[in-house]
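Each ligand, and each atom within it, is numbered from 1 in the order the structure gives. One-based numbering along the sequence shown.
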Amino acid sequence: MNPQEQQFEQLIEGILTNGYAICDDFLTQDEVENLLKTFALRYQTGQFKQAGIGKLSHVQQDTSIRGDEILWLNANSEDAAERVLLDKNQAFVNYLNQTCYLGIVDTEIHFAKYSIGKFYRRHRDTFQAQKGRVLSVIYYLNSNWIPQNGGNLVIYTHQNNLEEAVSIAPLAGRLVCFESQKLDHEVTEAFAERFSVTGWFLNR
Ligand code: OGA
Ligand code: MN
């Protein structure tokens with residue numbers, strides 16, 4: 001098994017046992033830095049928009065629930081940094097389809113920026129796409145992130161009928177994935193600018 005396959009296996013084991021998984025150093029520091037450059041360029045040129053909530057047909061913008069700004073990525077992007085990420089993302093999809101028969105037929109993925117004071121209240125990722133969201137994946141891009149910056153992903157799991165909140169810092173290179181239909185989660189208020197890429201794997 002090559003190192004990437006070992007990461008995939010570790011992620012799958014976590015998903016199967018807990019419904020979520022964390023893999024540090026999924027992206028290298030160079031990959032993170034290059035992505036941040038593309039991210040900054042696209043942000044500065046006004047390509048981002050305020051994220052919405054609700055179903056595809058009536059997306060609403062409500063910053064008391066969700067405050068991030070997003071930009072959907074083009075699966076055919078020729079930007080080198082985006083290409084590396086999209087290819088890694090697709091390699092994970094292919095591995096899942098080969099080993100877990102999840103029947104993932106499509107993906108969607110966007111950059112997200114939380115400015116200072118922004119958050120995303122507790123929710124589930126079951127809206128927006130017409131196809132079903134199977135897995136949520138989030139790639140974090142924040143170097144030198146400290147606990148005082150807040151901005152944690154909190155996933156709510158159940159152990160013996162008791163709810164447990166798992167707090168995950170958005171550290172550069174880290175990949176978190178979880179079952180979209182099953183787990184509530186939130187992003188706590190960010191006290192520093194917070195950068196990430198969020199994706200979903202879709203079945204029919
Ligand atoms: C989302 C989301 C979590 C995060 O975009 O739906 O829950 O940690 N993001 O950015
Ligand atoms: Mn979410």
Side-chain angles (χ1 to χ4, degrees), residues 11 14-15 18-27 32 35-36 39 42-43 47-56 59-73 85-86 89 92 106-157 163-202:
L11 287 161
I15 296 164
N18 306 310
Y20 74 93
I22 304 170
C23 179
D24 286 332
D25 303 312
F26 189 83
L27 301 177
V32 168
L35 272 168
L36 281 172
F39 195 127
R42 294 198 183 287
Y43 191 81
Q47 299 178 43
F48 280 58
K49 63 175 175 49
Q50 187 64 51
I53 51 171
K55 294 210 195 305
L56 200 61
V59 177
Q60 293 167 283
Q61 289 173 352
D62 185 343
T63 51
S64 69
I65 296 174
R66 176 176 191 184
D68 56 328
E69 294 163 88
I70 65 167
L71 172 65
W72 291 99
L73 292 178
L85 179 74
L86 289 163
N89 193 58
F92 187 26
D106 207 354
T107 61
E108 49 185 7
I109 185 162
H110 67 57
F111 283 127
K113 178 186 174 184
Y114 288 76
S115 296
I116 292 171
K118 302 302 183 186
F119 49 79
Y120 192 166
R121 295 290 186 229
R122 182 169 172 161
H123 67 280
R124 214 171 276 195
D125 284 347
T126 42
F127 46 84
Q128 223 156 61
Q130 283 129 343
K131 293 173 190 141
R133 285 177 167 176
V134 181
L135 272 186
S136 304
V137 293
I138 308 157
Y139 302 91
Y140 295 108
L141 306 177
N142 308 288
S143 304
N144 309 317
W145 192 261
I146 53 172
Q148 288 81 350
N149 291 346
N152 289 315
L153 168 67
V154 180
I155 295 178
Y156 295 93
T157 64
E163 185 171 273
E164 193 192 338
V166 183
S167 216
I168 303 166
L171 305 184
R174 173 173 279 178
L175 166 61
V176 174
C177 58
F178 57 89
E179 291 178 284
S180 309
Q181 314 272 331
K182 291 195 184 155
L183 295 179
D184 280 8
H185 56 282
E186 71 178 304
V187 179
T188 62
E189 181 173 354
F191 300 108
E193 289 186 323
R194 178 192 195 266
F195 303 96
S196 59
V197 190
T198 305
W200 290 275
F201 298 164
L202 314 175

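- Under the 6.0 Å cut-off for aromatic ring centres, Tyr43 and Phe111 do not qualify, their centroids lying 6.0 Å or more apart.
- Proximity of the aromatic rings of Phe48 and Phe39 is defined here by a centroid distance below 6.0 angstrom, and this criterion is met.
- Of the candidates Phe178, Tyr140, Phe195, Tyr139, it is Tyr140 that places a heavy atom closest to atom 8 (O) of ligand 1.
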(message) Under the criterion side-chain hydrogen bond (donor to acceptor under 3.5 Å, both in side chains), I'd like the reasoning laid out for Glu189 against Tyr114: C-alpha separation, chi angles, the key distance, then a yes or no.
(response) CA-CA 9 Å; Glu189 181 173 354; Tyr114 288 76; over 6 Å; no

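- At the Mn ion (ligand 2), the vertex angle linking NE2 of His185 with NE2 of His123 is 90° (nearest 10 degrees).
- Counted within 6.0 Å of NZ on Lys182, heavy atoms from surrounding residues, nucleotides or ligands total 12 or fewer; the atom is thus considered open.
- Annotation: side chain to side chain contact (heavy atoms under 4.5 Å, CB included) contacts of Asn149 (sequence neighbours excluded): Trp145, Ile146, Ala192.
- The Mn ion (ligand 2) sits nearest to atom OD1 when only the N, O or S atoms of Asp125 are considered.
- Using a 4.0 Å cut-off between charged side-chain N and carboxylate O, Lys118 and Glu69 make no salt bridge.
- For His123, the closest heavy-atom approach to ligand 1 falls below 4.0 Å.
- Under the rule for a side chain to side chain donor-acceptor pair (under 3.5 Å), the partners of Asp68 that lie at least two apart in sequence or sit in another chain are Arg66.
- Backbone and side-chain nitrogen or oxygen atoms of Tyr114 are examined, and none is located within less than 3.5 angstrom of a nitrogen or oxygen of ligand 1.
- Here Trp200 has side-chain heavy atoms under 4.0 Å from ligand 1, and that is the only part of it that gets that close.
- Any N or O atom pair closer than 3.5 Å counts here, and Arg194 shares at least one such pair with ligand 1.
- The part of Asp125 lying near ligand 1 is the side chain, judged by heavy-atom distances below 4.0 Å.
- Checked by distance only, ligand 1 and His185 come closer than 3.5 Å through their nitrogen or oxygen atoms.
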